[in-house]
Amino acid sequence: MIIDGKQAAADLRVALAIEVKKLKESKGITPSLTVILVGKDPASQVYVRNKAKQTIEVGMISNEIRLPDTTSQEELLNQLSVLNNDNSVHGILVQLPLPKHIDESVVIAAINPEKDVDGFHAMNSGRLLNGEDGALVPCTPQGCIILAKQHLGDDLSGKHAVVIGRSNIVGKPVALLLLQENCTVTIAHSRTKNLAQVCQQADILVAAVGRAEFVKADWVKKGATVIDVGINRIENTETGKAKLVGDVDFTAVNDVCGAITPVPGGVGPMTIACLLKNTLEAARRQSANL
Ligand code: GUN
């Protein structure tokens, strides 16, 4: 079975639009998201455009701040300070990657944690680690859990989840979310020995390694749920055109697994939908104090 992330994301946006309308009617507040893009990275430009479009579609306010790639770290931090102190801004996202002369960790640390809709600030990752209420949780990991539950139902307890990848953006937070769902969690990575055998244990296999078609059919247990986070651009040698593929060898694995997310149209669309969910959540919390 193919898990349709595009449809799941569209459904989530419909539900969010209803909640946005309610917040407007009850409190007079329209959630607003400000995205900062430094430089002209082509992939980032596409992401930022899609974010703005979907933010507006669910009835939220979208602001974009585009800065030249010569922007200094200090200028970026000053900009963040203005947004942190602006009550009309509920969510702030700094598009990554940043130009080399800017330290991403310093920038992330400078975002007000209550407005950190990416969930990358140490305050939010700490809250997630401790299982505390009030964490803004990274968007792609949230999307992975929603899609896994769509196939398996809400109760994931006791399932063995294997996550390949240990990044702060996907691998680590998705592992924590799966643990919160009472899964038995293994985090595998580039130094893992016998990776194929480790993956064969998985009831839920999350691939977030960034290597095209890395996960092969004989790594996957029959009936497993496969969540493919990879977005890799490869050249089609026959047509010469670029195409997107995941971290999983989709065609071969699809014959073995119980369900799989496609690329494109799987986890990708869920990321922006969950970003909007976080923006609504941030706006609700900030307006609760008014
Ligand atoms: N670049 C690629 N993915 C992401 C993301 O989830 N958040 C941000 N801020 N930048 C990204």
Side-chain angles (χ1 to χ4, degrees), residues 9 12-13 16-17 19-21 23-24 27-99 102-125 134-140 142-143 168-169 269-290:
L12 179 52
R13 288 197 301 272
L16 290 171
E19 294 302 315
V20 168
K21 193 156 171 275
L23 188 65
K24 272 187 211 173
K27 297 230 172 186
I29 284 166
T30 305
S32 91
L33 171 65
T34 297
V35 174
I36 303 180
L37 175 61
V38 185
K40 290 207 171 346
D41 178 73
S44 292
Q45 290 191 354
V46 175
Y47 289 138
V48 168
R49 206 179 312 132
N50 286 336
K51 279 172 197 162
K53 184 166 163 276
Q54 295 183 28
T55 306
I56 292 162
E57 267 170 24
V58 299
M60 298 184 187
I61 296 167
S62 164
N63 294 308
E64 265 176 53
I65 299 177
R66 289 172 181 262
L67 301 172
D69 55 13
T70 51
T71 304
S72 70
Q73 182 166 305
E74 197 189 348
E75 283 169 308
L76 181 55
L77 295 179
N78 287 340
Q79 182 64 253
L80 282 173
S81 169
V82 171
L83 297 170
N84 283 342
N85 294 311
D86 182 344
N87 286 338
S88 71
V89 174
H90 303 111
I92 302 169
L93 181 147
V94 179
Q95 184 66 33
L96 304 178
L98 288 167
I102 300 180
D103 185 338
E104 284 181 0
S105 62
V106 172
V107 172
I108 290 167
I111 299 171
N112 177 345
E114 308 308 320
K115 300 188 179 188
D116 166 40
V117 284
D118 258 330
F120 294 166
H121 191 286
M123 183 70 80
N124 284 314
S125 41
L136 286 166
V137 176
C139 305
T140 302
Q142 279 193 65
N168 289 340
I169 295 183
M270 291 302 291
T271 298
I272 299 183
C274 290
L275 172 71
L276 302 177
K277 183 165 171 279
N278 278 353
T279 304
L280 171 65
E281 192 56 40
R284 272 195 184 134
R285 290 196 199 130
Q286 287 159 46
S287 65
N289 304 325
L290 296 180

Return yes when atom NZ of Lys21 has more than 12 non-hydrogen atoms of other residues, nucleotides or ligands closer than 6.0 Å, and no otherwise. no
Flag yes if more than 12 heavy atoms outside Lys277 fall under 6.0 Å of its NZ atom; otherwise flag no. no
Straight-line distance of [X] [atom1] to [Y] [atom2], nearest 0.5 Å:
X	Y	atom1	atom2	answer
His90	Asn112	NE2	CG	11.5 Å
Leu93	Ile65	CG	CD1	11.5 Å
Asn63	Ser88	CG	OG	7.5 Å
Ile29	Asn87	CD1	CG	9.5 Å
Thr71	Asn78	OG1	CG	11.5 Å

Any donor-acceptor pair under 3.5 Å from [X] side chain to [Y] backbone:
X	Y	value
Gln142	Val137	yes
Glu281	Leu136	no
Lys51	Leu275	no
Asp118	Cys139	no
Arg285	Gly134	yes
Lys115	Asn84	yes
Gln286	Glu114	yes
Asn278	Val117	yes
Asn124	Phe120	no

Mind listing the closest non-hydrogen atom pair of [X] and [Y] along with its distance?
X	Y	answer
Ser32	Thr279	O-CG2, 3.8 Å
Leu37	Gln45	CD2-CG, 3.9 Å
Ala9	Met270	N-SD, 3.5 Å
Lys27	Ala288	NZ-CA, 4.0 Å
Arg66	Val48	NH2-CG1, 4.1 Å
Ile92	Leu33	N-CD1, 4.3 Å

Report the C-alpha separation of Leu276 and Arg13 in whole Å, then their side-chain angles, then the decisive distance to 0.1 Å, and conclude whether the side chain to side chain contact (heavy atoms under 4.5 Å, CB included) test is met. CA-CA 8 Å; Leu276 302 177; Arg13 288 197 301 272; 4.2 Å; yes
Does [X] reach the side chain of [Y], with side-chain heavy atoms less than 4.5 Å apart?
X	Y	result
Val82	Val89	no
Val58	Gln54	no
Arg284	Leu23	yes
Ser44	Pro97	yes
Val20	Leu280	yes

Could you please spell out the steps behind the side chain to side chain contact (heavy atoms under 4.5 Å, CB included) verdict for Cys274 and Leu12? CA-CA 8 Å; Cys274 290; Leu12 179 52; 4.2 Å; yes
Would Ile61 and Thr55 satisfy side chain to side chain contact (heavy atoms under 4.5 Å, CB included), going step by step from the backbone distance to the final call? CA-CA 7 Å; Ile61 296 167; Thr55 306; over 6 Å; no
Evaluation steps, side chain to side chain contact (heavy atoms under 4.5 Å, CB included), between Leu98 and Leu76: CA-CA 11 Å; Leu98 288 167; Leu76 181 55; 4.2 Å; yes
Using only heavy-atom distances, determine whether the side chains of Asp41 and Gln95 contain a donor-acceptor pair under 3.5 Å. no
